[in-house]
Amino acid sequence: MLEKIKDNLYLLPKQGKMQVDGYVIAHSKLIPALYNDESLKQLQNAASIPGVYRAVYGMPDLHEGFGLPIGGVMATVLPEGVISAGAVGMDINCGVRLLTTPFAARELSRERLRKLVSAIERYVPAGVGKKNREKEVRKLLPQVLVHGVRALLEEGYGIEEDLAKIEEGGVMPGADLKALSETALSRGAEGLGTLGGGNHFIELQEVVEIREKQLAERYGLYPGQLCVMVHTGSRGLGHQVCTEYTEILYRAGPKYRVNVPAKGLAAVPFSSPEGKQYYQAMVAVANFAYANRQLITYYLRLVFKEQLGDGKLDLVYDLAHNIAKIEVHDERTVLVHRKGATRALPAGHRANLPAFKETGHPVLIPGSMGTKSYVLRATPQITLTFNSLNHGAGRSMSRKASIKNITVSDLKQALGEILLNEKPEAVLDEAPQAYKDIDLVIETVTGAGLAEVVAILKPLAVIKGKD
DNA sequence: ATGTCC
């Protein structure tokens, strides 16, 4: 089905109802796994959606999802093209934030590290169904949905400098609370400031390698530095909104003569009332997720102050990897749906935040639990994928299969000296054996000429939430 | 990913 064009680049040729070609960025060793799940079929489905533009793309961490595969990028021409809730994903604005600390990793004894982990667990509720305990936080929900991180700054949960390092400045315009159901609002109030479960985590990491010294320094990264990476999203709120709107869009589709190949790709024209309403809801939820990572940062700063006497944690960057954005490509306005894909703007791109205009922004790519994380920078060739890169390693095994096939000792061996807050048996589905090889995935995007490695971090301790 | 099927 895939035709090799050159190393790390494959064509999924237009056939059947596909309106455009597909392209998959993948190392040859990553190809066989793509035939073991529905991801290529899902990419073909995406290529048949009304108003799809130029081509659909699969990142090297591609795997089966709901509707659009994880690691999928699909753009639609505006205003006549469609918007799809399933192509954004359940966890709207799931994303990653990287923080530097004023400490060197080697300054921390194992005992100190252990105490740090317990303190983080005390401050940040982690695990499926975990709720925040503070009335004052729940009260912030309406402002957070409309004003994003800015609303938190006004209440003292952050500093002005934080905004300069968050994608979109921590707020997307166009949110409307009326687009959210009572259930969604209630789940949002409970979920604000919580980590969640699944692949979400807080990691204490050490910068172990710098590949681009000047760029790393511009990003605030130095060898040996202790860093904190936060991976979470919009919790039950995003799930609720995706579920509700998939149903709404699925029912409304025929009214606009939009027929979709799978319910997960339910879509309506962007300019339709339902389309506009989903976009207003998605933006509100995206603002919530940026704020969620900000609130967790506030807790982390308290923890560092309490445990180590200095809570000066500075943002390297905060980015979304499940979202749809209005962008200009080939001088056309399109809606780029990225699901498990990171926007990656090269040097000089005008959509960069002022802090990164000259250099291009850091692209934060976590590995799987216990493996390295990468900071990349996109090259000018990134226009190939609508300025998109992968979002992580990508699953190679379903959660169910992982629990069945991976043993506690497999996971313990993979973790080695790395501290884990949870019992290994509680997070077997997150074992690195359930994921693709992050080094190979990164080699793919660098080999394809889409990005270069700036810095590499390795985990010292992992905080996970239980399912 | 998710109050993992109100």
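Throughout, protein chains are lettered first and strands after them, A, B, ... in sequence-line order, and every chain is numbered starting at 1.
- Using a cut-off of 4.0 Å between Lys/Arg side-chain N and Asp/Glu carboxylate O, A:E64 and A:R395 are scored as not salt-bridged.
- A:T183 comes within contact range of at least one nucleobase, with a heavy-atom separation under 4.0 Å.
- Atom-to-atom, NE2 of A:H239 to C1' of B:dC5 comes out at 11 Å; the value is rounded to the nearest Å.
- Per the geometry, CD belonging to A:Q240 stands 14 Å off C1' belonging to B:dT4, to the nearest Å.
- Across the protein-nucleic acid pair, A:R399 atom CZ and B:dT2 atom C1' stand 10 Å apart, rounded to whole Å.
- For the pair A:D467 CG and B:dT4 P, the computed distance is 11 Å after rounding to whole Å.
- The separation between A:R235 atom CZ and B:dT4 atom C1' is 12 Å, rounded to whole Å.
- Distance CG (A:D429) to C1' (B:dT2): 13 Å, rounded to an integer number of Å.
- Straight-line distance from the CD1 atom of A:I92 to the C1' atom of B:dT2: 12 Å, rounded to whole Å.
- Residues A:D162 and A:R293 are not paired through a salt bridge, judged by the lack of any N-O separation under 4.0 Å between the basic side chain and the carboxylate.
- Nucleic acid contact for A:G197: sugar-phosphate only, since backbone atoms but no base atoms lie under 4.0 Å from a heavy atom of the residue.
- Under the ring pair (Phe, Tyr, Trp, His ring centres under 6.0 Å) criterion, A:F288 pairs with no residue, sequence neighbours left out.
- Under the ring pair (Phe, Tyr, Trp, His ring centres under 6.0 Å) criterion, A:Y157 pairs with A:Y298, sequence neighbours left out.
- Rounded to a whole Å, the NZ atom of A:K464 is 10 Å from the P atom of B:dT2.
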